[in-house]
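Presented below is the structure to which this report refers.
Order of the sequence lines fixes the chain letters, A, B, ..., with proteins taken first and strands second; residue numbering starts at 1 for each chain.
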There are 2 protein chains.
Amino acid sequence: MTDTATAGRALPHPAREQIRLEFVLHALSDPMRLQIVRELAARDAELTCSQFDLPVTKSTSTHHFRVLRESGVIRQVYRGTAKMNGLRRDDLDGLFPGLLDSLLAAADRQSGPLRPGG
Amino acid sequence: MTDTATAGRALPHPAREQIRLEFVLHALSDPMRLQIVRELAARDAELTCSQFDLPVTKSTSTHHFRVLRESGVIRQVYRGTAKMNGLRRDDLDGLFPGLLDSLLAAADRQSGPLRPGG
DNA sequence: GTCGTAGTTTGACATCTGTCGTAGTACGAG
DNA sequence: CTCGTACTACGACAGATGTCAAACTACGAC
């Protein structure tokens, strides 16, 4: 019975000014994490962890989502029993204009656009 | 006495089509390597390994230059006793339009532009 | 041939990373 | 309160990574 009524448990995120380019690049250099980010960008919505079907166990997923959050690429918020994941597009675009878009375009060129069906 | 008269020893490079986004991002996610690439881009010229003054030993430098070459970010050619390093700008721009520029701009924002003196 | 300069290779080492399995915590429904 | 769902935490482990030191190779100058 805390006062975290709206947010549930809180998760540590770097502030916009704390986001480091190297960490972002490192986060995005893993195929699993790049795929997560691509889906998030393609759907342009907050998704729960379980809406991604990654070929790894749940604990590994948790690990990857944490790396993305701690590097400042995604924002995670608890909503009930689910955990919503959203791309920090405003922060990334503000810090590194054009970077995210060319990154996503590069990934599309390399691996083909994401299936539209989701 | 080989027929490698013009090139000296040959070094393996990935062809343009073999360059993988993930490897490029991984290569650029190390501060030492990002600095190398930034200098190469700022000078817009081929530089020998020893023209960079990195705070690591020669063997570590060799390692970083190799990672950059094998990921397709730089091209290395022997010239006499020196080894010239050049950014593969054409290949990167062809594969991932805009990516290199936003990456370099992002690095400039984060760490300040490179000293013009070189 | 001898020397010096430039860069490589090898081996070692501590740390980091991606992965798993199992056990655990938090919340909503009943 | 009990149960199921969603995600976390911990411990383990193999493999990658960044670093160094020491010995080595390649080339140009003399």
Write down the distance between [atom1] ([X]) and [atom2] ([N]), rounded to a whole number of angstrom.
{"X": "A:L47", "N": "D:dC7", "atom1": "CG", "atom2": "P", "answer": "11 Å"}
{"X": "B:M32", "N": "D:dC20", "atom1": "CE", "atom2": "P", "answer": "8 Å"}
{"X": "A:E22", "N": "D:dG18", "atom1": "CD", "atom2": "P", "answer": "13 Å"}
{"X": "B:R33", "N": "D:dG18", "atom1": "CZ", "atom2": "C1'", "answer": "8 Å"}
{"X": "A:L25", "N": "D:dT17", "atom1": "CG", "atom2": "C1'", "answer": "17 Å"}
{"X": "B:L11", "N": "C:dG7", "atom1": "CG", "atom2": "C1'", "answer": "11 Å"}
{"X": "A:L54", "N": "C:dT19", "atom1": "CG", "atom2": "C1'", "answer": "13 Å"}
{"X": "B:E46", "N": "C:dG7", "atom1": "CD", "atom2": "P", "answer": "13 Å"}

Considering only NZ, NE, NH1 and NH2 on the basic side and carboxylate oxygens on the acidic side, decide whether A:D91 and A:R75 come within less than 4.0 Å. yes

Output yes when A:D90 and A:R16 qualify as a salt bridge under the 4.0 Å nitrogen-oxygen rule, no when they do not. no

Is B:R79 near enough to C:dA6 that one of its side-chain N or O atoms lies under 4.0 angstrom from OP1 or OP2? no

Please pick, from [options], the nucleotide with the shortest atom-to-atom distance to any side-chain atom of [X].
{"X": "B:Y78", "options": "D:dA6, C:dG21, C:dG7", "value": "C:dG7"}
{"X": "B:R66", "options": "D:dC7, C:dC20, C:dT9", "value": "C:dT9"}
{"X": "A:T81", "options": "C:dG7, C:dT19, C:dC27", "value": "C:dC27"}
{"X": "B:T60", "options": "C:dT19, D:dC7, D:dT19", "value": "D:dT19"}
{"X": "B:A82", "options": "D:dG18, C:dG7, C:dT19", "value": "C:dG7"}
{"X": "B:S59", "options": "C:dT9, C:dA6, D:dG18", "value": "C:dT9"}
{"X": "B:H64", "options": "D:dA6, C:dG7, D:dT19", "value": "D:dT19"}

pair_partner(D:dC30), Watson-Crick or wobble, both distances < 3.5 Å, evaluates to C:dG1

Which nucleotide, in any strand shown, forms a Watson-Crick or G-U wobble pair with C:dT9, with both distances under 3.5 Å? D:dA22

Under-3.5 Å donor-acceptor pair between B:T62 side chain and C:dG7 base: no

May I ask you to verify whether the side chain of B:T48 and the base of C:dA6 hold a donor-acceptor pair under 3.5 Å? no

At under 4.0 Å between heavy atoms, what does B:S50 touch on the DNA or RNA strands: base, sugar-phosphate, or nothing? sugar-phosphate

Scan B:H63 against the nucleic acid and name what it touches under 4.0 Å (heavy atoms): base, sugar-phosphate only, or nothing. base

Just by distance, no angles: are the side chains of A:S59 and A:T62 close enough, under 3.5 Å, to form a donor-acceptor pair? no

Side chains of A:S102 and B:S102: donor-acceptor distance under 3.5 Å anywhere? yes

Do A:D30 and B:L25 have side chains that approach each other closer than 4.5 Å (heavy atoms only, starting at C-beta)? no

Once you round to the nearest 0.5 Å, how far does NE2 of A:H13 lie from CD1 of A:I19? 10.0 Å

Given that A:H26 and A:G80 both sit by DNA chain C, which one's nearest nucleotide is further toward the 5' end? A:H26

